[in-house]
Amino acid sequence: MNSSTYTQFVASKRMGICDPIHQIGMWGDFKDSSFPDTEEPSHGTVGTSNRYEPETNKRIEKVHRRLAQNREAARKSRLRKKAYVQQLESSKLKLLQLEQELDRARQQGLYVGGGLDASQIGCSGTANSGITTFEMEYGHWVEEQDRQTDELRSALLSQIGEIELPILVEGCLNHYFDLFRLKATAANTDVLYLMSGTWKTSAERLFFWIGGFRPSELLKVLTPHMEPLTEQQGRDVHNLTQSCQQAEDALSQGMVKLHQILVEAVAAGTLGDGIILPQMAATIEKLEALVRFVNQADHLRQETLLQMSCILTPQQSAQGLLALGEYFKRLRALSSLWSGRPSEPT
Amino acid sequence: MDKVQRMAREHGVVIFSKSTCCLCYAVSILFQDLGVIPYVHEIDHDPEGKEMEKALMRMGCNAMMPAVFIGGQLVGSTNEVMSLHLKGSLIQLIKPYMAV
């Protein structure tokens with residue numbers, strides 16, 4: 001990777017515990033044998049040169065350096081292998097998801113790959129083209145999300161510079177804000193669709209709260225995955241979680257009230273009089289109130305992410321965002337595996 | 001507008017709302033949870049409601065109820081209240097008006 005990391009590694013090893021001292025102690029025993037060295041096989045005379053002190057020390061240092069290089073190379077190789085295996089696993093899952101989507105689309109008699117014809121779904125009007133657009137854009141959003149999560153993982157592993165990491169973090173945050181913008185447009189098009197969570201996978205729907213994730217829940221999920229927080233940070237995160245929960249509770253109670261109003265609106269008048277259009281129109285107007293709630297909930301999600309990024313260092317933010325991306329990935333994978341599990345014989 | 005200003009100054013925490021607005025209800029619940037009883041004025045039940053709404057718009061509240069005042073100052077609507085609360089600033093603002 002980069003040489004500065006390497007020299008740091010070597011320096012810390014020199015100041016470190018056992019190995020260098022051990023090696024020096026062993027040197028006297030190995031006069032003739034060539035040192036097991038994978039990087040420079042020609043360096044076989046090391047063990048024999050005890051004639052000049054400074055010479056020996058130089059050679060010993062060289063060997064230590066080489067040992068350290070080997071260890072580092074081996075470590076990086078292990079990490080690369082791990083990353084590769086993880087990539088394979090997620091590709092496998094992605095394949096499974098795609099296959100399921102394909103099946104679903106075929107079942108509904110939709111053309112796969114071509115444009116969706118609204119009349120085939122039995123609906124008409126611009127609302128559904130708006131929703132179709134949203135579904136497509138959301139699909140792209142998820143792909144980009146996964147790509148950014150991988151990028152965060154690599155960045156944290158390879159310890160990229162102090163300037164690059166905050167830029168990466170900001171990019172990830174902006175990506176979330178993009179989603180909230182997408183959702184705002186979709187909410188104006190069809191808020192019931194948005195709130196039903198149809199556009200999300202089944203496991204994600206389990207944890208749905210007013211059109212998306214519950215911010216305080218996420219804070220609790222993520223905090224253990226970040227580097228230890230300072231005392232001040234711990235207090236700030238605790239306060240943020242508490243404020244978030246209070247805001248969520250207030251919005252939830254508002255939703256309960258709206259729920260009651262809607263029930264009353266639908267049930268208004270004498271049930272049995274049939275469907276009265278003016279009453280329906282009035283109810284539809286009331287449904288529009290849901291738009292404000294979804295927007296407010298998204299605003300809460302956005303503010304929570306922003307506040308966290310203010311409390312945390314870029315390193316911690318990156319770790320948190322990586323954990324968040326992984327968490328959603330797992331939920332989506334869970335949904336796929338759940339759909340794909342063999343059905344019980346009847 | 002005088003009426004709006006006067007009401008805002010008469011009480012610590014004032015919420016101008018509409019009776020049918022559930023988001024306004026949510027905001028008043030939030031204040032209550034924090035230990036403040038807000039003074040809620042429903043402008044749709046006020047004969048001068050329309051002028052009050054216009055006055056609020058002129059003051060910077062973009063036609064969305066609720067309009068929240070703390071200590072006579074316009075704080076804003078739900079967005080502003082939520083942002084302040086997450087930053088930890090809302091508690092500071094309402095401290096003087098908290099019910100003992």
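FYI, side chains are in, hydrogens and waters are out, and symmetry mates aren't considered; it's all heavy atoms of this structure. First the proteins, then the strands, lettered A, B, ... as listed; each starts at 1.
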### Query
B/Ser28 versus chain A, heavy atoms under 4.5 Å apart: side chain, backbone, both or neither?
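Contact with chain A is absent: no heavy atom of B/Ser28 under 4.5 Å.
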Inspect the surroundings of [atom1] in [X] and state if more than 12 heavy atoms from other residues, nucleotides or ligands are less than 6.0 Å away.
X	atom1	value
A/Arg205	CZ	yes
A/Leu192	CG	yes
B/Gln92	CD	yes
A/Gln232	CD	yes
A/Glu170	CD	no
A/His259	NE2	no
A/Glu231	CD	no

On a heavy-atom basis, which atom in [X] and which in [Y] lie closest, and how many Å separate them?
X	Y	value
A/Leu251	B/Leu23	CD2-CD1, 3.8 Å
A/Gln253	B/Tyr25	O-CE2, 3.7 Å
A/Ala250	B/Ile29	CA-CG2, 4.1 Å
A/Gly254	B/Cys22	O-CB, 3.6 Å

#### Entry: Among B/Thr78, B/Leu34, B/Asp33, residue most engaged with chain A (heavy-atom pairs, under 4.5 Å)
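Result: the option with the highest number of such pairs is B/Thr78.
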When rounded to the nearest 0.5 angstrom, what distance separates [atom1] in [X] from [atom2] in [Y]?
X	Y	atom1	atom2	answer
B/Ile91	A/Gln246	CD1	CD	6.5 Å
B/Leu86	A/Gln302	CG	CD	11.5 Å
A/Ser243	B/Lys87	OG	NZ	12.0 Å

### Query
Any side-chain donor paired with an acceptor under 3.5 Å for B/Asn79 and A/Gln296?
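Their side chains do contain a donor-acceptor pair, which is all the 3.5 Å distance test asks for.
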### Task
Check the pair B/Cys21 / A/Arg292 against side-chain contact (heavy atoms from CB on, under 4.5 Å), numbers first and verdict last.
CA-CA 10 Å; B/Cys21 172; A/Arg292 289 195 71 196; 3.8 Å; yes
Let me know if [X] has heavy atoms under 4.5 Å from chain B in its side chain, its backbone, both or neither.
X	result
A/Ser252	neither
A/Leu300	both
A/Ala247	both

### Task
Flag the pair B/His85 / A/Cys244 as yes when at least one side-chain heavy-atom distance between them is below 4.5 Å, and no otherwise.
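With C-beta onward as the side chain, the pair stays apart.
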### Task
Starting from the C-alpha separation in whole Å, work towards a yes-or-no answer on side-chain contact (heavy atoms from CB on, under 4.5 Å) for B/Met82 and A/Glu303.
CA-CA 8 Å; B/Met82 296 287 178; A/Glu303 283 298 301; 5.8 Å; no
